[in-house]
Structures are given as C-alpha cells and as structure tokens.
2 protein chains.
Amino acid sequence: MPETPTAFQRGHDHDRCVRHALSAAADHCREAGLRLTPLRRKVLQAVWRSHHPLGAYEICDALVAEGDQVLPPTVYRALDFLERNGLVHRIASLNAFIGCNQMGRHSNGRYLICSDCGSVAELPPDELLERFAFEAGAMAFEARSVRLEAVGRCAACAAGTTGP
Amino acid sequence: MPETPTAFQRGHDHDRCVRHALSAAADHCREAGLRLTPLRRKVLQAVWRSHHPLGAYEICDALVAEGDQVLPPTVYRALDFLERNGLVHRIASLNAFIGCNQMGRHSNGRYLICSDCGSVAELPPDELLERFAFEAGAMAFEARSVRLEAVGRCAACAAGTTGP
DNA sequence: AGAGAAAATGTTATATTGTTGCAATTCTTT
DNA sequence: AAAGAATTGCAACAATATAACATTTTCTCT
C-alpha cells in the first residue's frame, strides 16, 4: 500500500490539515468537557498524519518511533475514547482508523474505500442515511449509527498514477 | 449473546428456511458452473442454521461437533468461496458471516445489526444504493460494492423479550 | 493544601481472528 | 490412464484485540 497521498488528499497542505484537525478536536473536547490527554492527542495526531487508515499496531509503532513506550492496550483505550467521542472512525473492513472530519455527526457517515491503495475518503452523511434510519425505525429497529461503505477503486488508482 | 431467534427471524420454520437456502445455493452453483463441495455445503449449512452471524471459529466448532475434523484455513477457504459467489456475507463489524438471501445481487446490501442480541437482518438493495454508486462514479470512484450497516437495537430487544 | 474518589495509563499475559506454505487428495480433461 | 487444475489437510505462525491488575495522574470536596 503506497504512502503517497491519494486523489482525495493530494495537493493539499497536509501539515496544515493535521494541525487544523487537532485544534478542532481540542476545541471540541474543551467545549464538551472531555480530556484530550497528551496520549490521546498523540494517537489522534498519528491517525491524522497518515494518508491511509492506520491499524492499532501501526499507531503503536508510530508512537514508539517518537520515543514513547506504548503498548496495544494503551492505544486501544485511546482509540476507544476518540471513537466514542467522534474524533476517529474505525473502518471495520480494514481493522483500521481514520480521523473524522464531521465531528459531532459521527454516528452516520459514508466512506469510499479504495481496495488498491487503501485510501479512504469520508463523505458527509446525507438524506440517504437519514431516510434509511427512518425506514429502519418503521420496522421498529432503533438505529444508533448508519454507515455506508463503498469498496472499489479511487480515481488515482484508476488513472494508474499510483497503481502498478 | 442469546441463541433465540430474533424479531426478524422468529415465527418461521427455520429448518425449512435452511433447506430452501441450501437448495437455492445448489441451483445457483449448478447454473454458474461452481462446485458446491460437501465441505462448502456444510459450512453454508452451519451459517444458515445459526440465528446470528457466525464467526469462522464457531463454524469450525460446529463442523467438529458433527464429527468432521476441520481447521481454520479450511473454513476460511470455504467462506472465501461462498462470499465470492454471493452465498454468504461477511459482517465486518462483527467478524462474522451470515447467509445471503439476495443471491446474485450480493455486492450491494443493507443490514440491520442489533448490538444487544447480535442478530442481523438483511434488507434488499434499493435504488438509493444504486444512486450512491452513481454519485461515487461522478467523483471518479468505481464502486464495486456498496454496503450499508445500521447498528442499533432490534424490535425484540427494545421490547425486552430477549434482553435483560 | 490534603484526603479520598475517579479517571487514565502501564504492564503482563492471553484470547481471538486470520494467513502462509506445502503436502496430499480429488476432480476434470485429454 | 496421465497430466493438470482445483480442493482439502495440516502445522506453524502472524495480526488483531482484550483481560486483569498495578500504578499514576487528575479531579473534587472539605
């Protein structure tokens, strides 16, 4: 899986993007009375810095590379916190995590997952998801989260600019 | 996770349901020139017999309980075949498999996953998924599969008839 | 400030899920 | 029957995730 940015992420200032995400997360936590501890912040930063979804063990490695001694339970607990509070998403089909760019509306979401390069683009929830939640409600199913995952091939890979 | 049927499955003749699924699968394979071997059939049967999504190791246990000596790679390979050919679905968020009741249209689907009892109901694909695939195409993303997973509480659990 | 409670983190061990690689078998085709 | 392809058996192992308990930090209340 290449480390290069994908079509969805290419051409932007990623450092700036990461800084923005972290400061937005800090604001969100302050307002909500949540504790964005140094560890949690580092985990969130590692996730945001990556151009593709990061597994828990990859996060471990990233923090260890920065000089922190971090073991899996620590990372998983930080990820629990971040996910519960809508700061990261777990992409179940990849066992990996991405930063959430729709803070607060984190229970619903739409994802485009490229099976070639592993990149994931998050689209905002739309009325399709709302409507599905409504239909489910009509069947007496109380939907807490509705997530749509499309697996396929991103524009960059289709264009052959990142692929083989 | 209780073994009892859920609201989506309660009140039906499950043996008949399993037999129907297996014979439909056999038909499908015959028509498509696929080999539904005894092993694959047993795995498919184990999945269909269960009232909740079954993990690979649970399938192992089920076959061993029937007297077959079956190890994980064997089960995973059978599941690969069944999933590739649209006979089962993998529910990524549960690391588990369910029988597919929309054979042939297996790339798109909608699922209601009850986090209390673990039951999963599959709803037929609808035009909203098709539309999403189309929209993704407009963004130059070639969607091979579009899956919508709602996590929440099923009617039975909400009614307290299966839950605590 | 200080005591006690709650939350977060560190640490060891282990559970669960999934894969690799190769040998043996079975099926298909000629 | 023989070659080739697909399937299955098997042993080892890799990757992902959690349990249980000790320790530290932070918060709250007096």
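A note on names: the letters A, B, ... follow the listed sequences, proteins ahead of strands, and every chain is numbered from 1.
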Q: Using a 4.5 Å cut-off on heavy atoms from C-beta on, say whether the side chain of B:L87 contacts that of B:R40.
A: no
Those residues at least two apart in sequence (or on a different chain) that pass side chain to side chain donor-acceptor pair (under 3.5 Å) with B:R30 are B:D27
In whole angstroms, the gap separating P of D:dA14 from OH of B:Y76 amounts to 17 Å
Those residues at least two apart in sequence (or on a different chain) that pass side chain to side chain donor-acceptor pair (under 3.5 Å) with B:E122 are B:H89
**Asked** Does some side-chain heavy atom of B:H52 sit less than 4.5 Å from a side-chain heavy atom of B:L94?
**Response** no
The residue, B:P72 or B:F81, whose nearest nucleotide of DNA chain D is more 5′ is B:F81
Chain B vs DNA chain C, heavy-atom contacts under 4.0 Å, first-to-last nucleotide span, 5' to 3', is C:dT17 to C:dC27
Every protein N/O within reach of nucleotides 20-28 of chain D N/O, cut-off under 3.5 Å:
none

Bend of the helix from C:dA1-D:dT30 to C:dT30-D:dA1 from end-axis comparison, five pairs per end, nearest 10°, comes to 40°
Pairs of donor and acceptor atoms involving the side chains of residues 53-74 of chain A, under 3.5 Å and at least two apart or interchain, shall be tabulated with distances.
from, atom 1, to, atom 2, distance (Å)
A:E58, OE1, A:G55, N, 2.7
A:E66, OE2, A:R49, NH1, 3.2
A:D68, OD1, A:K42, NZ, 2.9
A:D68, OD2, A:K42, NZ, 3.3

Whole-Å distance, B:R84 CZ to D:dA6 P, equals 11 Å
| Can you check whether B:F132 reaches B:L148 side chain to side chain, under 4.5 Å on heavy atoms? | no
Sorted by chain and number, sequence neighbours left out, salt bridge (charged side-chain N to carboxylate O under 4.0 Å, His left out) with A:E31 holds for none
For residues 14-26 of chain A, the salt bridge (Lys or Arg N to Asp or Glu O under 4.0 Å) pairs (sequence neighbours left out) are none
Whole-Å distance, A:F97 CZ to D:dA15 P, equals 17 Å
Which of D:dG9, D:dC10, D:dT16 is nearest the side chain of B:T74? It is D:dG9
Whole-Å distance, A:L79 CG to D:dT16 P, equals 13 Å
Sorted by chain and number, sequence neighbours left out, side chain to side chain contact (heavy atoms under 4.5 Å, CB included) with A:A140 holds for B:A155
For A:S115, the side chain to side chain donor-acceptor pair (under 3.5 Å) test, sequence neighbours excluded, returns B:R144
Exercise. Are any of the side-chain heavy atoms of A:V43 and A:F97 separated by less than 4.5 Å?
Worked result: no
Residues pairing under salt bridge (Lys or Arg N to Asp or Glu O under 4.0 Å) where one sits in residues 90-102 of chain B, two or more places apart or in two chains, turn out to be none
On a heavy-atom basis, the closest approach of A:F141 and B:A150 is CZ-O, 3.9 Å
Any N or O donor-acceptor pair linking the side chain of A:Y57 to the base of D:dA17 at under 3.5 Å? yes
What residues 36-44 of chain A contributes to the DNA chain C interface at heavy-atom separation below 4.0 Å is A:T37, A:L39, A:R40
